[in-house]
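As the structure is a computational prediction, the values presented were derived from the model and not from experiment. Only heavy atoms go into these numbers, but all of them, side chains included; no hydrogens, no water, no symmetry mates.
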Amino acid sequence: MKRSYRLACLSLSRSLLSSHTPLLSNPPSLRSLQYPLNRLIQSLSHDPTPPSVDSSFEGDERKTGLDFLKTAELLVKSQETENIEKALDFGIKALSIFEKSDGGWSFQVARSLLLLGKVSFKLKRYSDSLDSLTASIEIFDSLEKGKYSISEIGLLVIDVHSQVAKVKNSMGKRWEALVNFKRVVELKVGIFGPDNKEVGTAYGDLAEAYMFALKYNDALPLCLKSLEIRELELGANSLEVAKLRDQLGVIYTGLGQYTQALEQNEIAKSIFDGLNLVNESVHKEIDIANLLIMIGQLEEATKRLQKAISNVDKDSELKAFILVSMAKSLFHQQKFGDSKRCLQISLEILDKKESTIPKKIAEAYADISMLFETMNEFEISISLYKRSLSIARLQEEMHHVEGSILARLGWLLLVTKRVDQAVPYLEMAIERLEGCFGERHFGLGFAYKHLGQAYMETDRPEMAVRYLSYSREIIEETFGLSHIDTIDVNQCLANAYGTMGSYKLAMEFQQRVVDAWEKRGADATEDLREAYRLLEQLKKKSEGSPHAVFPANSLPVMPPPRE
């Protein structure tokens, strides 16, 4: 950029704190505005020249500001970088004028900050964008409590919350974005009524947000409501309805309701067929086959995949995706050699497509990695996970995929005894998963557990206890006291406390393990016997016996590769 606004920022900061007559009798604190403007403007250039306004406009500065703002709003719709940077120039000039003429808490200041948030988003400066948009929301909220009603500023408030949701998703903060998606629904229902098409779109967006956060129970009623509204508006065979059916299929799959998921995928495929959307139809065929594999209908799945593969080009990514599903079906039929050959052919195709469809390739590599992991081909799996991770890190809105891959990589490095390498991957996984799915998600619970196990392996039991305790809270809340994963994390805690010499706490957690195995009945006889043996060893340890053997091995034993 040719222009910069470091001094303008300082000027704005001073004037925001000066004695302008505010629109509100008791305006909120202005500190939340000062920092975003400083950071936004200063980060964009090193030239300390403030934005200037031609002196011929001094008599009608507000009109000039509106002209600047309208020009910026037109420019921001452009996809050309040069126009986006011009929009930034005009936007900051408008903001300077409105702050000076109206005071820091005005409608036009909020509107200007919304514009600057959009510009920063297009420039991929997400922190700057979030700062500006957050300040805009704060002002709009204060105006709603003052002289403006939500009916007057509602569309702009919807716009700013929608934009914040986009920014948070791009930053990997999917869990935080839910707040803004919810607010958009509330505003649209209040402004347009409960069955308006705009509300239908908002329900669908919120359902998708819950779906990506793996909150399928919350997503389901919203998606159904969106489908109801969109079908009335567009008809049962429209593309938008097909996409919602597709979304419902994912939600039902996440809920383990495979029959309903199959039904939705079949309907979506029939709509895609009717619209002659070949690629979308093939993708649905793959989804249907994957569901058939999950419910054990392997012959039907294979039959459908064979039919699908005959209708695609031999070097297309669709063939590669079909082969991955075929490999799953063959694996479950214990045809391991054929399964591996399908995966190898798939990889040969995907390797050539990496630069053209990186997001799909990253997901496909992760899918293939998991299959090789299931086959106990750990080195191949680790290599493919790393390839997938290198692509995902460069893509927007793939932070959730990145978090899952980091967690799988950390676990594989742990079970293959590369503990020092595992720790940083697990630490990064925790950061990503927490941002995407919130602090109580089950995936985060497993990442905490594996990190705790890693610390045990590196003789840091105090750190192990810390992360295993986090894990136990999440896993127990998610699965219950008698679930195998809850038992496992309690056993890990007993081991850690036993290693530290905290035998009272160790016996407490070992007793939980005993109690849980007892509740699982006859199928857990051997596990219960071992849990009792370890409890007895702990008691002997606490009494000072030199012959007691504890703790149990808490890491899984690596099985040999499948032939």
Side-chain angles (χ1 to χ4, degrees), residues 407 410-420 422-423 426-427 429-430 433 439-559:
W411 182 81
L412 279 173
L413 291 166
L414 189 60
V415 299
T416 53
K417 306 300 182 182
R418 285 167 276 191
V419 181
D420 288 337
V423 169
L426 291 168
E427 289 174 339
I430 286 168
L433 292 171
E439 296 179 351
R440 308 300 292 180
H441 187 259
F442 69 88
L444 189 62
F446 288 110
Y448 279 138
K449 185 181 86 167
H450 296 145
L451 184 57
Q453 291 173 315
Y455 282 130
M456 277 294 291
E457 289 293 302
T458 53
D459 297 321
R460 288 181 281 180
E462 292 85 359
M463 290 291 288
V465 163
R466 176 182 174 186
Y467 286 101
L468 290 169
S469 297
Y470 295 156
S471 172
R472 184 187 65 81
E473 290 178 10
I474 297 170
I475 290 176
E476 185 178 291
E477 178 183 297
T478 304
F479 300 111
L481 293 171
S482 301
H483 192 273
I484 186 72
D485 291 306
T486 305
I487 297 172
D488 189 40
V489 75
N490 279 326
Q491 183 65 69
C492 290
L493 276 164
N495 294 347
Y497 279 120
T499 301
M500 293 166 59
S502 300
Y503 298 120
K504 183 178 179 181
L505 286 168
M507 285 189 285
E508 177 185 324
F509 282 100
Q510 192 64 47
Q511 185 63 55
R512 293 186 186 191
V513 173
V514 169
D515 294 342
W517 284 126
E518 284 181 338
K519 290 178 182 177
R520 292 181 69 89
D523 292 339
T525 302
E526 299 240 351
D527 295 301
L528 179 59
R529 186 181 298 119
E530 175 64 7
Y532 269 121
R533 186 189 70 79
L534 291 170
L535 183 59
E536 287 302 314
Q537 294 297 310
L538 269 175
K539 289 177 180 177
K540 291 179 180 179
K541 277 271 191 182
S542 68
E543 294 165 358
S545 171
H547 304 297
V549 179
F550 194 90
N553 180 20
S554 60
L555 285 182
V557 177
M558 185 171 62

Enumerate donor-acceptor pairs with a distance under 3.5 Å from any side-chain N or O in residues 516-524 to protein atoms, sequence neighbours excluded.
from   : atom 1 : to     : atom 2 : distance (Å)
Glu518 : OE2    : Tyr532 : OH     : 2.5
Arg520 : NH1    : Ser482 : O      : 2.8

For Leu468, the option from Lys449, Glu473, Met463, Gln491 that meets side-chain contact (heavy atoms from CB on, under 4.5 Å):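 Only one option passes, and that is Lys449.
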From Arg512, Lys539, Lys541, residue fulfilling side-chain contact (heavy atoms from CB on, under 4.5 Å) relative to Met507: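 With Met507 as partner, Arg512, Lys539, Lys541 yield a single side-chain contact (heavy atoms from CB on, under 4.5 Å), made by Lys539.
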Run the side chain to side chain contact (heavy atoms under 4.5 Å, CB included) check on Leu451 and Tyr470 step by step: do they pass? CA-CA 11 Å; Leu451 184 57; Tyr470 295 156; over 6 Å; no
Kindly indicate, with the supporting measurements, whether the criterion side chain to side chain contact (heavy atoms under 4.5 Å, CB included) is fulfilled by Lys504 and Ser542. CA-CA 8 Å; Lys504 183 178 179 181; Ser542 68; over 6 Å; no
With rounding to the nearest 0.5 angstrom, report the [atom1] to [atom2] distance, [X] to [Y].
{"X": "Leu535", "Y": "Glu530", "atom1": "CG", "atom2": "CD", "result": "11.5 Å"}
{"X": "Asp420", "Y": "Glu457", "atom1": "CG", "atom2": "CD", "result": "10.5 Å"}
{"X": "Phe509", "Y": "Asn495", "atom1": "CZ", "atom2": "CG", "result": "12.0 Å"}

In chain order, what residues pass the salt bridge (Lys or Arg N to Asp or Glu O under 4.0 Å) check against Glu439, with sequence neighbours excluded?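 Testing Glu439 for salt bridge (Lys or Arg N to Asp or Glu O under 4.0 Å), a comparison that skips the adjacent residues, returns none.
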Kindly write out the residues that satisfy salt bridge (Lys or Arg N to Asp or Glu O under 4.0 Å) with Arg466, not counting sequence neighbours, or none if the list is empty.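 Not a single residue meets the salt bridge (Lys or Arg N to Asp or Glu O under 4.0 Å) criterion with Arg466.
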Do you know which two heavy atoms are closest between [X] and [Y], and how far apart they sit?
{"X": "Phe442", "Y": "Ile474", "value": "CA-CG2, 4.0 Å"}
{"X": "Gln510", "Y": "Ala494", "value": "OE1-CB, 3.5 Å"}
{"X": "Gln453", "Y": "Asp488", "value": "NE2-OD2, 4.4 Å"}
{"X": "Gly480", "Y": "Thr486", "value": "O-OG1, 2.7 Å"}
{"X": "Tyr448", "Y": "Ser471", "value": "CB-CB, 3.7 Å"}
{"X": "Val423", "Y": "Ala454", "value": "CG2-CB, 3.8 Å"}

Between Tyr503 and Tyr497, does a ring-ring contact (aromatic ring centres under 6.0 Å, His included) hold up when you go through it step by step? CA-CA 7 Å; Tyr503 298 120; Tyr497 279 120; over 10 Å; no
Where do Leu414 and Val419 land on the side chain to side chain contact (heavy atoms under 4.5 Å, CB included) test, with the steps shown first? CA-CA 5 Å; Leu414 189 60; Val419 181; 4.2 Å; yes
Can you name the side chain to side chain donor-acceptor pair (under 3.5 Å) partners of Glu462, sequence neighbours left out? none
Side chain to side chain donor-acceptor pair (under 3.5 Å) partners of Glu536, counting only residues at least two apart: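 With neighbours one apart ignored, the set is empty.
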Heavy atoms, side chains only, cut-off 4.5 Å: are Arg472 and Asn490 in contact?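 Yes - at least one pair of side-chain heavy atoms lies under 4.5 Å apart.
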Mind checking whether Pro461 and Met456 have side chains closer than 4.5 Å, heavy atoms only? yes
Residues two or more places apart in sequence or in another chain: which of them pass side chain to side chain contact (heavy atoms under 4.5 Å, CB included) with Arg529?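 Arg529 satisfies side chain to side chain contact (heavy atoms under 4.5 Å, CB included) with Thr525, Glu526 once adjacent residues are dropped.
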Look at the rings of His483 and Phe479 and say which category their plane angle falls in: under 30° parallel, 30 to 60° tilted, over 60° perpendicular. parallel
